[in-house]
Amino acid sequence: MRLALYTGLILAGGYSYLTPALAADPTGDWRVADGVANIRVAQCNGSMWGAVAWEKKPGGRDENNPDVSKRSRPTLGMVTLIDMKKKPGADQWEGQVYNAQDGQTYSATITPSADQLEIKGCVMGFLCGGETWTRVGPPIPSSTANAMAKSAPKSAGPAPKAAGTTVAAAPAPAPAAPKAAAGAAKPGQKGAADAVGDICLLPEIAGFAH
């Protein structure tokens, strides 16, 4: 059984070199075996996740999902590698993979090298298949977005005034932050050079992590 996964990301221009120290890092951008799409793999709260971030043919839908309510959702930004944990003593991660071509979720492992990612999926421990993806973008730093959102304290409101003290005038408001340049997209933003961005911010991943 050939595990044909549908995933994606924009090619990183001029990317051509990895140092040996990065050889076992599965994060970054990967082109699937048949070339129709790439995925972005990132570490989100200690697990590896992957999501569609570019499609050769835009506008795909998750038409084979067993959940009828999800069949109209875009495949761009769809999660494919799910909560993959590192195996002790090995440069390998295991978890689940969602295959949009048949709408099924499989037990899976990923094994990275400098420029390839080997992915294998199995049904009930047998009927295993897999393929090799090719790196098209460098490893990416661990995202702190989920951890920051989870641990950020709630605002307690203004502190009470002390008796007999003089309240200084409030400082002038800081100038507004400049608008983000074109292409610096938030996850899911349309019409941007990178329509997915930090996959740890995608609702499906952020919700699972929290």
A.B. asks: Among Glu118, Gln92, Lys120, exactly one meets side chain to side chain donor-acceptor pair (under 3.5 Å) together with Thr111. Which residue is that?
C.D. replies: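 When Glu118, Gln92, Lys120 are each tested with Thr111, the side chain to side chain donor-acceptor pair (under 3.5 Å) holds only for Gln92.
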A.B. asks: Is a salt bridge present between Arg71 and Asp62, judged by a nitrogen-to-oxygen distance below 4.0 Å?
C.D. replies: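 Judged by the 4.0 Å cut-off on N to carboxylate O distance, Arg71 and Asp62 do not form a salt bridge.
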A.B. asks: Do Ile119 and Thr109 have side chains that get closer than 4.5 Å, going by heavy atoms?
C.D. replies: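 The answer is no; the side chains never approach within 4.5 Å.
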A.B. asks: Which atom names give the shortest non-hydrogen contact between Val196 and Leu76, and what distance separates them?
C.D. replies: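 So the two residues come closest at CG2-CD1, 4.0 Å.
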A.B. asks: Looking at Asn65 and Lys70, would you say the former's side chain and the latter's main chain have a donor-acceptor pair under 3.5 Å?
C.D. replies: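 Here the side-chain-to-backbone pair does not exist.
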A.B. asks: For residues Asn64 and Ala100, report the shortest heavy-atom separation together with the two atoms involved.
C.D. replies: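 Of all heavy-atom pairs spanning Asn64 and Ala100, the closest is ND2-O, 3.3 Å.
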A.B. asks: Keeping the roles fixed (side chain from Arg61, backbone from Ser72), state whether a donor-acceptor pair exists under 3.5 Å.
C.D. replies: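 A pair under 3.5 Å: yes.
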A.B. asks: Does any non-hydrogen side-chain atom of Cys200 lie less than 4.5 Å from one of Trp49?
C.D. replies: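 No; the side chains remain at least 4.5 Å from each other.
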A.B. asks: Taking the side chain from Arg40 and the backbone from Gly197, do they hold a donor-acceptor pair closer than 3.5 Å?
C.D. replies: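 The answer is yes, because a donor-acceptor pair under 3.5 Å joins these two groups.
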A.B. asks: Do the side chain of Lys87 and the main chain of Asp91 share a donor and acceptor less than 3.5 angstrom apart?
C.D. replies: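 Such a contact is absent between Lys87 side chain and Asp91 backbone.
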A.B. asks: Less than 4.0 angstrom from a charged side-chain N to a carboxylate O is my criterion; do Asp67 and Arg73 meet it?
C.D. replies: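 No, no charged N to carboxylate O under 4.0 Å.
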A.B. asks: State, without any angle test, whether Asp102 and Tyr98 hold a side-chain donor-acceptor pair at a distance under 3.5 Å.
C.D. replies: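 The answer is no; no qualifying pair exists.
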A.B. asks: Side chains of Trp93 and Pro112: does their closest heavy-atom pair fall under 4.5 Å?
C.D. replies: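 They are in contact (side-chain heavy atoms under 4.5 Å apart), so the answer is yes.
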A.B. asks: What I'd like to find out is whether the side chain of Leu81 reaches to under 4.5 Å of the side chain of Met48, using heavy atoms alone.
C.D. replies: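 Heavy-atom side-chain distance check fails, nothing below 4.5 Å.
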A.B. asks: Check Ala108 against Val97 and note the closest heavy-atom contact, atom names and distance.
C.D. replies: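 Smallest interatomic distance, heavy atoms only, reads CB-CG1, 3.4 Å.
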A.B. asks: Could you go through Thr80 and Ile39, starting from their C-alpha distance and side-chain angles, then the distance that decides it, and tell me whether this counts as side-chain contact (heavy atoms from CB on, under 4.5 Å)?
C.D. replies: CA-CA 8 Å; Thr80 55; Ile39 63 168; 4.1 Å; yes
A.B. asks: Would you give the length of the straight line joining atom CE of Met78 to atom CD1 of Ile199, rounded to the nearest 0.5 angstrom?
C.D. replies: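 Interatomic distance, Met78 CE to Ile199 CD1, rounded to 0.5 Å: 12.5 Å.
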A.B. asks: Determine, step by step, whether Trp30 and Thr134 satisfy the side-chain contact (heavy atoms from CB on, under 4.5 Å) criterion, reporting the C-alpha distance in whole Å, the side-chain angles of both residues, the deciding distance to 0.1 Å, and the verdict.
C.D. replies: CA-CA 5 Å; Trp30 302 91; Thr134 303; 5.8 Å; no
A.B. asks: Side chains of Asp83 and Ser47: any donor to acceptor distance under 3.5 Å?
C.D. replies: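 Side chains of Ser47 and Asp83: pair found under 3.5 Å.
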A.B. asks: Does any non-hydrogen side-chain atom of Val36 lie less than 4.5 Å from one of Glu55?
C.D. replies: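 Contact flag for Glu55/Val36 side chains = no.
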A.B. asks: State plainly whether one hydrophobic cluster holds both Val79 and Ile140, where clusters connect Ile, Leu, Val, Met, Phe, Trp and Tyr through side-chain heavy atoms under 4.5 angstrom apart.
C.D. replies: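 The answer is no; the residues belong to distinct hydrophobic clusters.
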A.B. asks: For the residue pair Thr105 / Gln96, report whether a side-chain donor-acceptor contact shorter than 3.5 Å exists.
C.D. replies: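 Looking only at side-chain atoms, Thr105 and Gln96 do not form any donor-acceptor pair under 3.5 Å.
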A.B. asks: Determine yes or no for a side-chain-to-main-chain donor-acceptor pair under 3.5 angstrom, with Arg135 supplying the side chain and Ala114 the backbone.
C.D. replies: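 Yes.
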A.B. asks: First locate atom CD1 of Ile110, then atom NZ of Lys86, and finally report the distance between them rounded to the nearest 0.5 Å.
C.D. replies: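 Here the interatomic distance stands at 11.0 Å.
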A.B. asks: To check you understand the geometry: which heavy-atom pair defines the closest contact between Ala51 and Gly77, and what is its length?
C.D. replies: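 Looks like CB-O, 4.3 Å.
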